[in-house]
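Notes follow the structure.
All residue numbers in this chain count up from 1 along the given sequence.
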Amino acid sequence: MEKLTHAFVINNIIIDPQRNQVQHSDGVNSLEPKAMALLCVLAGQPNTVIAQETLYETIWPGRVFSPSSLQRLIALLRKALRDSSKSPEIIFTHAKQGYSLEAAISKPQTGTKTPSKALLSALGLVFLLFVITAYIFSRPHPTLSDTQAFTFTSLTEFNGQFSPDGKAIAFLRQSADKQTELVVRQLENPGKDQLLSDVQIRDFTWLTNKQLLIAQTDSEEGKLIRVRLTQSDIQPQHSLRATRHLRNIRHLLKGPGSAIYFVAAHPNTAQTDTKKSVIMQLDLISFELKTLMTLPAAHDIVSLAATPDGLYVSLFENKKINKLLKIEPDSLNVNVINAELDGRYKLAWSSHHKRLILLDSLKPAVFALAANNQLVTIQHALSAGVLDANLYQDKLLTSRAHQTINVFSSQSPDAALLHSKYEDYLASVSPTGRSVVFVSNRSGYPQLYMTDQNNQPEVIFTNPGREDFISRAIWHPNAQQLVFAADKKVYQFNVATRALTALPIAQPITRVEYWQTSDLPGADVLYLTHATQASTVVYHIDSGETEMLSGPEHIIYASKTHHVGWQDNTLRTSTGMSWQPDSGQIRHAFSVGERILVQVTAPDAQRLLEFDRHLNLLSQQTLPGSAQFVSSAFYTEQNAFIYYYSHKQNTDSDLMLSRLTF
C-alpha cells in the first residue's frame with residue numbers, strides 16, 4: 001500500500017511526516033508517530049475508501065485487529081487537522097467499511113523570491129531592535145515544550161526514570177498477562193532493551209548508573225532488592241534485610257548521599273487494623289531505618305521529591321485536598337508549604353534549575369515552586385494530567401494515561417453522541433429524549449453535565465467536594481426535574497430555573513434508584529441506597545419523612561401496590577414472581593415508565609431485555625459489542641425504543657518526553 005513519506009499539503013495544511021507535525025497558517029500541532037503513519041497511508045490513496053482491517057494491518061502488522069485503537073488514531077487526526085466527526089471535510093467514516101481522506105494532495109511550495117541585501121539588512125536591524133526591546137522589557141516565562149512519545153505500544157508503560165548520567169531510561173511495563181517487568185533502555189542504543197521480568201515489581205529507583213533498587217510486590221514478606229546491569233540483562237544481587245518487616249513498599253526514591261526514601265504500611269497495621277502509612281528513610285551504608293512521618297488512613301501519599309535540603313511530600317487528605325509538605329529528615333520538622341492545592345500533584349526535583357516542579361495528575365497544569373514558596377505557572381502544551389514525572393537537566397519524562405469513554409445511542413451506533421478525550425459516562429436521557437445528563441471528567445474530576453439537542457454541554461453540578469462518584473441522574477416523568485447523589489447527599493435539579501437543591505435527608509446516600517411519582521400533589525417518593533448499610537431509604541419529598549427497608553435489594557420500580565427489586569442476579573416482584581438469566585450476569589437493571597430493562601452480559605454476547613412490571617418478557621435484542629454499560633432509555637412518540645450506553649476505549653499508558661526551560 002502506498003504511503004507518503006515526504007512533506008505534503010492537504011487543503012493548505014502542511015504535513016511533515018519526518019517531524020510528526022501538522023502545520024496550519026496559525027500554528028503547528030504534533031502527532032503521535034502511529035497517527036502520522038495512518039495519515040500518510042490515507043493520503044497515499046486520497047478519495048478512496050480503505051478498509052479498517054487493511055489500515056490496522058499496515059499500522060500494527062501482525063497484531064489482532066482492534067477497532068478502538070484505530071478509532072483513537074482517527075480522532076487524533078481529526079483534531080490535528082481541525083476536522084469534525086459530525087461534519088467532516090477531510091476524513092470520512094464509512095460505516096462497516098473503513099475510512100477515506102477526501103482532499104487534493106500536493107507538494108509544499110519551495111520556490112521563493114530572494115530578498116535584496118538592503119532589505120535583508122533592514123529586516124535584520126528591525127529584528128535586532130525587537131530582540132533588545134523584548135530582552136529589556138520582558139522576562140521569559142518558564143515553559144514546557146510539546147511532548148514526544150518515548151514509548152508508544154499497546155502495553156502499559158509507566159514510572160520512567162533517567163539514570164544518574166542521563167544516558168538510559170528505566171521504566172515499568174505491564175504485559176498482556178498483567179505481569180510487571182522492569183525495562184532499561186540505553187538512549188544511544190534504543191534497539192536493545194534490558195529486561196527483568198521474573199520478579200514481581202511494585203516500584204524502583206536508580207542507585208548508580210549500573211545499579212537499581214527494586215521494591216518487590218508483597219508476598220510473604222516485603223523486600224527491597226538490589227539489581228545490577230550487565231552487558232545483556234539485569235541481574236538480581238541481594239535483598240536488604242532491614243525492610244523485611246515492612247509491607248506495601250512504594251514511592252521508592254533515591255535521596256542525597258546514601259539516603260533512600262519510601263512509603264510503607266505501618267508495621268503495626270496487621271495487629272491494630274488502623275491502616276496507617278509511614279514515610280521512611282533508609283541509609284544504604286548503615287542500614288539504619290528512620291520513621292520521618294506517620295499518616296492516618298485518610299491521608300494518601302501522591303508523590304515524593306528529594307532535594308538537597310529536605311523531602312517534599314504531595315499529600316491527598318480526606319480525598320479532597322492536596323497539600324504540599326516539606327520534611328527535614330535530620331530534625332524531623334514538618335512544614336506545610338501549601339495547604340490547598342487544587343488538584344492531585346506529582347512532584348519532580350530539577351537539580352538543573354534548582355526548582356521543585358508540580359504536575360497535576362487530574363488535569364493539565366504545571367507549576368514551579370519559587371523561593372518564597374509561591375507557585376509559578378509554567379506554560380505548557382499538555383492535553384491531560386500525568387501519572388508520574390522525572391527530570392534530568394532540562395528533559396522531563398512523564399507517563400500519560402490514554403482512556404476515553406464515549407456515550408452512544410442505539411439510534412446512531414456508528415457515531416458517539418457524546419465524545420471528548422476524557423471520560424463521559426452514565427448518560428441519562430430525559431423522558432422526551434430531548435436532554436441528556438451525564439457524568440464527565442472533562443475538568444479533571446467528575447462533574448455533572450447537561451446537553452440539549454446537541455448543544456454545548458453545560459455543568460449543572462460542579463462537585464465542590466471533588467468526590468470520585470456521582471450517581472446516575474433519575475428524571476421525573478415531566479422531564480423538568482431530576483435527582484442524583486454525590487458526596488453522600490441527594491440533589492434535586494430544576495431544568496427550567498437551573499436551581500440545584502440538596503434535599504434534607506439525614507442518612508448518607510450513594511445512589512438514587514427510582515423516583516415514584518403520583519397524580520396526587522406531594523406524593524412523590526424517592527428510593528435511595530444507604531451508603532453504609534445494606535438497606536433502601538424511602539424518602540417522601542413533600543413531607544420529608546424517611547423509612548428504612550432492610551435488605552440489599554435495589555428497588556427499580558415501585559407503585560403503591562407493586563414493586564420490582566434487583567438483588568445479585570435475580571429480579572423479584574412484590575407478588576412473588578422472579579426472573580434470572582439462563583446464562584450470564586445482570587449488569588444493570590432499571591425502569592422506564594412501567595417497562596423493566598435488563599442488561600445481561602455473557603462471554604459470547606450481551607443482551608438487552610424488556611419486561612413488563614410483572615416480569616413478562618416483551619422483547620430482547622443483542623447489544624453492540626462496544627456497549628459497556630446501558631444507562632438509560634426512552635420511547636419516542638412513535639413508540640420506538642432508543643437506549644443509551646457507554647463505550648470504554650482501550651486504556652493505555654505511554655512515556656512522553658518534554659523540554660523544560662526557565
- Considering non-hydrogen atoms only, spot the tightest contact between I249 and A264 and give its length. CG1-CB, 4.2 Å
- Task: May I ask you to decide if E553's main-chain N or O and T536's side chain share a donor-acceptor pair within less than 3.5 Å?
- Result: yes
- Gap separating the CG atom of L655 from the OG1 atom of T151, nearest 0.5 angstrom: 4.0 Å
- Query: Who pairs with Y539 by ring-ring contact (aromatic ring centres under 6.0 Å, His included), at least two apart in sequence or on another chain?
  - Reply: none
- Task: Applying side chain to side chain contact (heavy atoms under 4.5 Å, CB included), name anything that partners T93, two or more places apart in sequence or on another chain.
- Result: R78, Y99
- Message: Is any side-chain heavy atom of K346 closer than 4.5 Å to one of V302?
- Response: yes
- Item | Results of side chain to side chain donor-acceptor pair (under 3.5 Å) for R587 - residues two or more places apart only | none
- Task: Write down the atom of S653, the atom of L387, and the distance for their closest heavy-atom approach.
- Result: OG-CD1, 3.5 Å
- Task: May I ask you to test the I470-L426 pair for a side-chain heavy-atom distance under 4.5 Å?
- Result: no
- Item | Check: N441 side chain, L362 main-chain N or O, donor-acceptor pair, under 3.5 Å | no
- Under 3.5 Å donor-acceptor, T570 side chain and Q580 backbone: no
- Message: For F158, is there any backbone N or O sitting under 3.5 Å from a side-chain donor or acceptor partner on S399?
- Response: no
- May I have the step-by-step check of side-chain contact (heavy atoms from CB on, under 4.5 Å) for D524 and H476, ending in yes or no? CA-CA 10 Å; D524 286 6; H476 189 279; 3.3 Å; yes
- Message: So for atom CD, which belongs to E547, do other residues, nucleotides or ligands contribute more than 12 heavy atoms lying within a distance under 6.0 Å?
- Response: yes
- Message: Can you confirm whether W566 sits close enough to I586 that some side-chain heavy atom of one is under 4.5 Å from a side-chain heavy atom of the other?
- Response: yes
- Query: Would K489 and E467 satisfy salt bridge (Lys or Arg N to Asp or Glu O under 4.0 Å), going step by step from the backbone distance to the final call?
  - Reply: CA-CA 11 Å; K489 302 175 185 177; E467 294 300 315; over 6 Å; no
- In chain order, what residues pass the ring-ring contact (aromatic ring centres under 6.0 Å, His included) check against Y449, with sequence neighbours excluded? F438
- Item | Approximate separation, where rounding is to 0.5 Å, of L417 CG and T451 OG1 | 7.5 Å
- Message: Less than 4.5 Å apart, side chain to side chain, heavy atoms only: is that true for H540 and V525?
- Response: yes
- Message: Measuring only between side-chain heavy atoms, which start at C-beta, is L623 closer than 4.5 Å to Q599?
- Response: yes
- What is the minimum heavy-atom distance between S632 and A427, and which atoms define it? OG-O, 2.9 Å
- Is the side chain of Q606 donor-acceptor paired with the backbone N or O of A627 at a distance under 3.5 Å, no angle test? yes
- Task: Please collect all salt bridge (Lys or Arg N to Asp or Glu O under 4.0 Å) contacts where either partner lies in residues 493-510, sequence neighbours excluded, each pair once.
- Result: E458-R498
- Query: With sequence neighbours left out, which residue pairs that include part of residues 596-618 fulfil the salt bridge (Lys or Arg N to Asp or Glu O under 4.0 Å) condition?
  - Reply: E594-R613, R595-E610
- Can you check whether H299's main-chain N or O pairs, donor with acceptor, with E317's side chain at less than 3.5 Å? no
- Who passes side chain to side chain contact (heavy atoms under 4.5 Å, CB included) against L617, sequence neighbours left out? L609, F611, Q620
- Task: For the residue pair F171 and N159, establish whether any side-chain heavy-atom pair is separated by less than 4.5 Å.
- Result: no
- Query: Yes or no on side-chain contact (heavy atoms from CB on, under 4.5 Å) for Y425 and Q628, after CA distance, side-chain angles and deciding distance?
  - Reply: CA-CA 10 Å; Y425 54 100; Q628 183 201 24; over 6 Å; no
- Query: Do S471 and T510 have side-chain heavy atoms sitting under 4.5 Å apart?
  - Reply: no
- Ignoring hydrogens and geometry, is there a side-chain-to-backbone donor-acceptor pair from S277 to L295 under 3.5 Å? no
- Task: Return yes if some donor-acceptor pair links the side-chain N/O of S430 with the main-chain N/O of S435 below 3.5 Å, else return no.
- Result: yes
- Looking at OG1 of T532 and NE2 of H530, how far apart are the two atoms once the value is rounded to the nearest 0.5 Å? 4.5 Å
- Side chains of S626 and Y645 in contact at under 4.5 Å (non-hydrogen atoms): yes
- Query: With sequence neighbours left out, what residues match D360 under salt bridge (charged side-chain N to carboxylate O under 4.0 Å, His left out)?
  - Reply: K363
- Item | Sequence-distant partners of R344, salt bridge (charged side-chain N to carboxylate O under 4.0 Å, His left out), two or more places apart | D300
- Below 6.0 angstrom between ring centroids: does that apply to F461 and Y491? yes
- Rounded to the nearest 0.5 Å, how far apart are CG of L503 and CD1 of I509? 10.5 Å
- Set of side chain to side chain donor-acceptor pair (under 3.5 Å) partners for T601, sequence neighbours left out: none
- Applying ring-ring contact (aromatic ring centres under 6.0 Å, His included) to Y557 and not counting sequence neighbours gives Y514
- Task: Decide yes or no on side-chain contact (heavy atoms from CB on, under 4.5 Å) for Y643 and L597, but give the supporting numbers first.
- Result: CA-CA 10 Å; Y643 61 86; L597 301 175; 5.9 Å; no
- Message: Taking P477's backbone N and O only, do any of them form a donor-acceptor pair with W475's side chain (distance below 3.5 Å, no angle check)?
- Response: no
- Note on the structure: Separation between NE2 (H563) and CD1 (I555), nearest 0.5 Å, reads 4.5 Å
- Compare every heavy atom of L482 with every heavy atom of A473, then report the nearest pair and how far apart it is. CB-CD1, 4.1 Å
- List the steps and the verdict of side-chain contact (heavy atoms from CB on, under 4.5 Å) for R434 and D452. CA-CA 6 Å; R434 296 175 183 172; D452 188 3; 4.1 Å; yes
- Query: Do any N or O atoms from the side chain of D424 and from the backbone of N406 form a donor-acceptor pair under 3.5 angstrom?
  - Reply: no
- Message: Would you compute the distance between atom NE2 of H614 and atom NE2 of H562 and round it to the nearest 0.5 angstrom?
- Response: 5.0 Å
- Within a radius of less than 6.0 Å around CD of Q411, do more than 12 heavy atoms belonging to other residues, nucleotides or ligands occur? no
- Message: The criterion is ring-ring contact (aromatic ring centres under 6.0 Å, His included); which residues satisfy it with F629, sequence neighbours excluded?
- Response: H588
- Minimum heavy-atom distance S85-P88, with the two atoms named: O-CD, 3.7 Å
- Message: Can you give me the closest heavy-atom contact between I596 and S591, atom names plus distance?
- Response: CD1-CB, 3.8 Å
- Given the options T529, L528, L526, I474, E513 meets side-chain contact (heavy atoms from CB on, under 4.5 Å) only with T529
